[in-house]
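Here is how names work: the chains are called A, B, and so on, in the same order as the sequence lines, proteins then strands, and each is numbered from 1.
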There are 2 protein chains.
Amino acid sequence: MKILITSGGTTEAIDRVRGITNHSTGQLGKTVAETFLENHHHVTLITTKTALKPNPHHHLTLIIIETVSDLLKVMKEEIPKHDAIIHSMAVSDYTPVYMTDISELEKHSPEQLISKTNSENKISSSSDYQVLFLKKTPKIISLIKKWNPSIFLIGFKLLVEVSEQELLDVAKSSLRQNKADIIVANDLSQIKDNQHHAYIVDADGQEKVNSKKAIAQKLYERITQHA
Amino acid sequence: MKILITSGGTTEAIDRVRGITNHSTGQLGKTVAETFLENHHHVTLITTKTALKPNPHHHLTLIIIETVSDLLKVMKEEIPKHDAIIHSMAVSDYTPVYMTDISELEKHSPEQLISKTNSENKISSSSDYQVLFLKKTPKIISLIKKWNPSIFLIGFKLLVEVSEQELLDVAKSSLRQNKADIIVANDLSQIKDNQHHAYIVDADGQEKVNSKKAIAQKLYERITQHA
């Protein structure tokens with residue numbers, strides 16, 4: 001099978017020296033990729049410069065991206081060519097549009113400010129406070145089944161310090177909204193070096209696993225059983 | 001001699017999953033550290049998790065930090081123990097204080113908003129625009145000579161697509177304001193893989209160099225000649 005995996009976190013530029021980054025080591029995507037490669041599948045891994053990566057392998061194609069806009073472009077091309085997608089990348093939900101001194105808030109309306117852009121390559125200021133306007137990015141996961149209705153779609157939901165019930169409710173809602181086959185639901189506070197508690201949630205219910213290796217193995221089984 | 005080097009770029013958290021990062025590979029700091037180690041000096045390198053680092057060496061001490069606040073704490077301890085500091089780290093000049101929906105701008109004054117903080121571990125929103133308030137960070141370079149008046153201080157100034165005159169003027173002003181012995185002035189647009197144009201600026205004038213190795217060699221000569 002041809003498996004598409006995304007890992008790491010996107011970065012959205014504020015200017016040419018600064019950006020907003022979603023933290024993600026890429027370790028889970030690497031583990032999932034290795035599991036499929038060991039079992040003789042073809043893997044395309046869309047990831048970032050700093051993310052952890054599997055060793056080179058003749059069945060592995062690496063695509064390095066940085067921004068949500070890069071990801072959107074690459075996914076649109078790759079989704080139709082693959083049988084399953086494991087979308088574990090931490091994707092920025094907002095991207096910077098304009099940064100300015102806080103004093104500008106008194107001179108212009110919010111509507112005026114969000115239509116401005118910075119012309120500087122490095123935004124500099126001596127004021128004590130600045131304000132950064134951000135715009136929602138496209139929800140890529142919601143587009144995947146439109147690009148390829150028959151792809152097996154595994155999405156991820158990461159929350160921080162919520163109840164088990166809230167985590168599962170949010171995962172189920174994402175399952176429906178994005179027409180995903182599985183959502184892997186996890187809580188950052190439950191992820192440590194050798195431990196990764198997660199729920200594998202599908203329309204029938206959920207299954208709990210406790211490590212990155214177990215998540216990878218479970219996703220491997222679900223995808224190959226489905227095929 | 002005991003040489004303190006900073007490299008990489010700091011990251012300031014927006015919440016537990018996102019942060020603002022100043023981009024810097026750490027390659028220059030690594031090259032400078034290697035030059036001093038090869039010449040039997042002791043090096044303390046303050047850097048970040050993702051920055052490039054020299055190989056382990058019995059005269060090399062690594063200190064890994066993430067935020068401006070980490071850096072401030074470590075520098076205050078280390079500056080008095082060293083003979084020279086090469087401060088090449090890209091330090092965040094602003095840190096997030098509060099992120100909210102743009103609609104809050106109509107309900108509260110900017111003064112009220114900058115005194116708020118987010119209680120969420122992961123700030124979530126469904127609105128099209130958000131606004132992030134940021135506060136100036138302490139200028140660490142300006143504190144170095146207060147902590148150790150006899151340390152040889154080398155600072156850096158990175159601008160983007162400015163004229164040579166502007167770059168030199170800004171460097172000279174930083175030299176005076178921070179009581180630095182040398183400012184290395186460089187323009188991001190003049191830095192490529194194998195090329196790194198920079199001016200070594202001191203009270204007597206400036207000298208132009210064209211690679212990371214040449215910058216490291218020149219800083220090595222200046223520091224050892226001064227001692």
Side-chain angles (χ1 to χ4, degrees), chain A residues 9-25 48-51 66 90 92-99 101-106 109-111 113-115 120-136 139 158-162 170 187-189, chain B residues 9-25 48-51 66 90 92-99 101-106 109-111 113-115 120-136 139 158-162 170 187-189:
Chain A
T10 56
T11 295
E12 297 296 305
I14 295 173
D15 57 21
R16 283 184 60 190
V17 300
R18 286 176 292 184
I20 296 183
T21 297
N22 273 49
H23 306 308
S24 178
T25 60
T48 64
K49 209 168 58 178
T50 55
E66 184 179 336
S92 308
D93 46 0
Y94 286 86
T95 188
V97 287
Y98 183 58
M99 187 162 179
D101 283 3
I102 198 170
S103 60
E104 254 206 87
L105 290 180
E106 276 144 31
S109 71
E111 290 69 30
L113 293 171
I114 58 174
S115 66
E120 311 94 308
N121 285 305
K122 182 177 182 178
I123 304 164
S124 82
S125 168
S126 56
S127 76
D128 285 343
Y129 290 90
Q130 284 208 303
V131 57
L132 176 64
F133 292 88
L134 301 115
K135 185 185 174 182
K136 210 176 181 60
K139 281 218 85 187
L158 177 72
L159 296 177
V160 186
E161 283 179 21
V162 297
V170 169
D187 188 310
L188 189 64
S189 64
Chain B
T10 57
T11 296
E12 298 296 306
I14 296 173
D15 57 21
R16 283 183 61 190
V17 299
R18 285 176 292 183
I20 296 184
T21 296
N22 273 50
H23 306 308
S24 178
T25 61
T48 64
K49 208 169 57 178
T50 54
E66 185 179 334
S92 309
D93 47 0
Y94 286 86
T95 187
V97 288
Y98 183 58
M99 187 161 176
D101 282 4
I102 200 170
S103 61
E104 254 206 85
L105 290 180
E106 275 145 32
S109 70
E111 290 69 30
L113 293 171
I114 58 174
S115 66
E120 311 94 308
N121 286 305
K122 182 177 183 179
I123 304 164
S124 80
S125 168
S126 57
S127 77
D128 285 344
Y129 289 91
Q130 284 206 304
V131 57
L132 176 64
F133 292 88
L134 302 115
K135 185 185 174 182
K136 210 175 180 61
K139 280 217 85 186
L158 177 72
L159 296 177
V160 187
E161 283 179 24
V162 297
V170 169
D187 188 308
L188 188 65
S189 65

_Closest contact, heavy atoms only, Phe133(B) versus Val131(A)_ = CE2-CG2, 4.0 Å
_Ile20(B), part contacting chain A, at a heavy-atom distance under 4.5 Å_ = both
*Looking only at heavy atoms, what is the nearest atom pair of Pro110(B) and Glu106(A), with distance?*
CG-OE2, 4.0 Å
_Partner chain A: residue of Ser126(B), Ala90(B), Gly9(B) with the largest heavy-atom pair count (under 4.5 Å)_ = Ser126(B)
*Atom group of Asp93(B) that falls short of 4.5 Å from chain A, counting heavy atoms*: side chain
*Based on non-hydrogen pairs under 4.5 Å, which of Leu134(B), Leu159(B), Leu158(B), Ile14(B) is most in contact with chain A?*
Leu134(B)
*asked:* To the closest 0.5 Å, what do you measure between CZ (Arg16(B)) and CG (Leu188(A))?
replied: 5.0 Å
*For the residue pair Tyr129(B) and Tyr94(A), what are the closest heavy atoms and their distance?*
C-CE2, 4.3 Å
*asked:* Test of understanding: with salt bridge (Lys or Arg N to Asp or Glu O under 4.0 Å), list the residues that count as partners of Glu104(A), not counting sequence neighbours.
replied: Lys116(A)
*Non-hydrogen atoms of chain A under 4.5 Å away: do they reach the side chain of Thr11(B), the backbone, both or neither?*
side chain
*Measure the NZ-OG1 distance between Lys49(B) and Thr25(A) for me, rounded to the nearest 0.5 Å.*
7.5 Å
*Could you pull out all residues at least two apart from Asp15(A) that satisfy side chain to side chain contact (heavy atoms under 4.5 Å, CB included)?*
Val17(A), Arg18(A), Lys122(A), Ile123(A)
*Who among Ile102(B), Leu113(B), Val162(B) has the most heavy-atom pairs with chain A under 4.5 Å?*
Ile102(B)
